[in-house]
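The first residue in the sequence is number 1, and the count goes up from there.
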Amino acid sequence: MRNIVLITLDSVRADHCSFMGYKRQTTPNLDKMAREGVYFQNAIAPGPRTIPSMPAIFTGKLMHFFNTDPFYGVVQNTRRHLRLYKTLAEELSQRGYNTGAFCTNAYTSSYFGFNKGFDYFQDFLWSSSKSHQKVFERMIRGSKLFRYLRNVKNLLLKQEAFKSWESYYEDITNWVNQAKEPFFLWVFLLDTHLPWITPKRCRKWGNFFNMYYSGWKIFRLLNKQNFYISEKLRNRLINAYDDSIYYADQFVGKLHKDLKDFDPIFIIHSDHGEEFGERGYYGHNFPHLYEENLHVPLVIYNGDARQRIEKPMTLLNLPAIIMNIADNKPPFNSLSNKDWFLSKDFDYKRGKKIIALRMGKWKLIVGQGEIDELYNLEQDPNEQENLINEYPKVAEEMKRIVKSHIKQEEIKSIHDKVPKIRGLRSKRSFG
């Protein structure tokens, strides 16, 4: 049984990785791994933000948004999803793996239930003080004041997005050195998440002032829609972003070198992408299912295979691929043969599901705007021309699949509620 290392890079879009054709050499270590291993030309995230993407990736099941409350829904939907389904860590633990995780992202922390199945789980979230948890919980409830306090606290204490991988790298290697083999190590890097703080040696395209100025500016703009931003500032943002990807790539290269004696299989991916004004939005605060948010890198290295896979693939397949590796089977054996797959999110402000269906060259987006959207990604990869009226038969066929998925969700919701209803009736009968 092979040792397995899973590295999640937050917010990295595929078209900013040099092995995917980007003009800048942002990922030299990943480039080498991609050349010598397997990489996916069209890996698609199941969601445009960490939640709902990571719960789906960790279980192989799309998120179901049973709670639509704008403040508590995010927490409750995630916890429920991870309770309902076996996680990647649970499956590997049952196969005899020693499982460990180092995760700086609050939305994939033990607070949300991501520690399920791990023998060791370090999320650094409440390590400084219990007050940090209270600030985080008030922020989740929608408080702008506590969102500001959380960001200031993280900056001062160098936590979450301000915690560099170098500050806990020794903890990772110490865990590996004492872990029984086979081991499964998951590291979730937040260095590539805004505000994109990088050390001087890794600032290839930006500088100290622009890095902090860009981070401050984008935090002020995140929740605004269709605002004007100068081309100069946009370039500064992209420079800081690319520097952060280059910095994260240094982690990949160093870990690969330091774990050589353990001969692990490396799997590197992102949870979602990032918007840079393609449609007047920046960051990933909005539930947009366009390619800049869904098209992500995915590389599998040291697995005795060398291949570039062009066929679109959902990251929902990642648990099955890893299980095949653990079971000494071909990684892509017995994967779903469906020629379509879904990505989704929930717009808590509008109380509306948003679903994207990818089928061959076609992509349908339902619920995102006033009208549904249909794109031919071969001819229009940037999704600029909505063909919903030009190809009604294609749209109708794809809508049937989306409606079927929604109907299955509704049936499941009813089944989930029946025991609760019975419990209420039982209590009333004894009252």
Side-chain angles (χ1 to χ4, degrees), residues 2-14 16-20 26-40 43 45 50 53-54 57-58 87-89 92 97-105 107-109 114 118 120-124 161 163-176 179 182-193 198 202 244-260 262-274 296-303 315 317-319 321-322 325-326 331:
R2 298 287 301 276
N3 296 317
I4 300 171
V5 175
L6 176 67
I7 301 174
T8 304
L9 307 174
D10 201 301
S11 312
V12 176
R13 47 192 282 174
H16 277 249
C17 298
S18 41
F19 72 92
M20 295 291 287
T26 51
T27 52
N29 291 293
L30 265 177
D31 294 353
K32 183 176 184 294
M33 288 181 165
R35 286 194 304 269
E36 298 178 2
V38 177
Y39 75 96
F40 294 79
T50 299
S53 186
M54 283 308 299
I57 290 172
F58 250 52
T87 66
L88 178 58
L92 288 169
Y97 275 77
N98 190 4
T99 56
F102 294 82
C103 172
T104 52
N105 191 320
Y107 291 96
T108 52
S109 65
F114 274 87
F118 281 100
Y120 179 83
F121 192 91
Q122 176 58 269
D123 55 21
F124 309 100
K163 189 173 186 68
S164 72
W165 62 259
E166 289 175 286
S167 67
Y168 59 94
Y169 183 83
E170 190 174 338
D171 296 335
I172 296 172
T173 54
N174 285 342
W175 181 85
V176 171
F183 63 76
F184 168 65
L185 169 66
W186 176 44
V187 183
F188 194 149
L189 294 190
L190 212 56
D191 303 82
T192 48
H193 187 286
T198 56
C202 291
S244 76
I245 296 174
Y246 181 76
Y247 180 48
D249 182 78
Q250 301 302 297
F251 167 83
V252 174
K254 183 171 176 56
L255 193 66
H256 169 238
K257 180 181 177 182
D258 290 344
L259 299 191
K260 264 193 173 180
F262 298 96
D263 192 34
I265 293 177
F266 282 85
I267 302 163
I268 304 101
H269 76 102
S270 181
D271 56 343
H272 57 78
E274 191 87 332
V296 295
L298 173 60
V299 174
I300 301 175
Y301 173 73
N302 199 28
L315 290 191
N317 284 329
L318 201 52
I321 291 172
I322 294 175
I325 292 171

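Under the side chain to side chain contact (heavy atoms under 4.5 Å, CB included) test applied with Phe40, the options Leu298, Val299, Leu315, Asn317 reduce to a single match, Leu298. Val5 pairs in a side chain to side chain contact (heavy atoms under 4.5 Å, CB included) with only one of the listed residues (Phe184, Phe262, Trp186, Phe266), which is Phe266.
Atom CD1 of Ile267 sits about 4.0 Å away from atom CD1 of Ile322, to the nearest 0.5 Å. In this structure, the separation between CE on Met33 and CG on Asp249 is 8.5 Å, given to the nearest 0.5 Å. Considering CG of Leu190 and CG of Asn105, their distance stands at 5.0 Å, rounded to 0.5 Å. Rounding to the nearest 0.5 angstrom, the gap separating the NZ atom in Lys254 from the CG atom in Leu259 is 10.0 Å. Rounding to the nearest 0.5 Å places CD of Glu170 at 11.0 Å from CG of Asp258. Taking CZ of Arg13 as the start and NE2 of His16 as the end, the distance is 4.5 Å to the nearest 0.5 Å.
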Decide yes or no on side chain to side chain donor-acceptor pair (under 3.5 Å) for Asn3 and Asp263, but give the supporting numbers first. CA-CA 7 Å; Asn3 296 317; Asp263 192 34; over 6 Å; no
In sequence, state the C-alpha distance, the side-chain angles, and the governing distance for Asp191 and Thr198, and then conclude on side chain to side chain contact (heavy atoms under 4.5 Å, CB included). CA-CA 8 Å; Asp191 303 82; Thr198 56; over 6 Å; no
Check against side chain to side chain contact (heavy atoms under 4.5 Å, CB included), Thr87 and Phe118: CA-CA 10 Å; Thr87 66; Phe118 281 100; 5.9 Å; no
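In terms of the side chain to side chain donor-acceptor pair (under 3.5 Å) criterion, Tyr246 has no residue partners (sequence neighbours excluded). With sequence neighbours excluded, the residues satisfying side chain to side chain contact (heavy atoms under 4.5 Å, CB included) with Pro319 are Leu88. Take His269 and apply the ring-ring contact (aromatic ring centres under 6.0 Å, His included) test, not counting sequence neighbours, and it matches no residue. Asp171 is linked by a salt bridge (charged side-chain N to carboxylate O under 4.0 Å, His left out) to nothing, counting only residues two or more places apart in sequence or in another chain. Looking at residues two or more places apart in sequence or on another chain, you find a side chain to side chain contact (heavy atoms under 4.5 Å, CB included) between Thr192 and Leu9, Asp10, Val12, Ser244, Ile245, Ala248. By the side chain to side chain contact (heavy atoms under 4.5 Å, CB included) test, Glu166 is found to be paired with Ser164, Pro199, Arg201, Tyr247, residues two or more places apart in sequence or in another chain being considered. Looking at residues two or more places apart in sequence or on another chain, you find a side chain to side chain contact (heavy atoms under 4.5 Å, CB included) between Asp31 and Ser18, Phe19, Gln25, Thr27, Arg35. For Phe114, the ring-ring contact (aromatic ring centres under 6.0 Å, His included) criterion is met by Phe58, not counting sequence neighbours. Under the side chain to side chain donor-acceptor pair (under 3.5 Å) criterion, Tyr120 pairs with no residue, sequence neighbours left out.
Residues Gln122 and Trp175 fail the side-chain proximity criterion, which asks for heavy atoms closer than 4.5 Å. The shortest distance between side-chain heavy atoms of Ile7 and Leu185 does not fall below 4.5 Å. Taking 4.5 Å as the limit, every side-chain heavy atom of Phe121 sits out of range of all side-chain heavy atoms of Phe102. In this structure, Leu189 and Phe251 have side chains that are in contact, with non-hydrogen atoms separated by less than 4.5 Å.
A centroid separation of 6.0 Å or more is found between the aromatic rings of Tyr301 and Tyr39.
Not one N or O on the side chain of Asp123 forms a donor-acceptor pair closer than 3.5 Å with the backbone of Cys103. With Asn98 contributing its side chain and Pro182 its backbone, the two residues share no donor-acceptor pair below 3.5 Å. A donor-acceptor pair under 3.5 Å is absent between the side-chain atoms of Thr8 and the main chain of Ser270, judged by distance alone. A donor-acceptor pair under 3.5 Å is formed between the side chain of Asp271 and the backbone N or O of Ser11.
A cation-pi arrangement, defined by a distance under 6.0 Å to the six-membered ring centre and an angle within 45 degrees of its axis, is present between Lys163 and Phe124.
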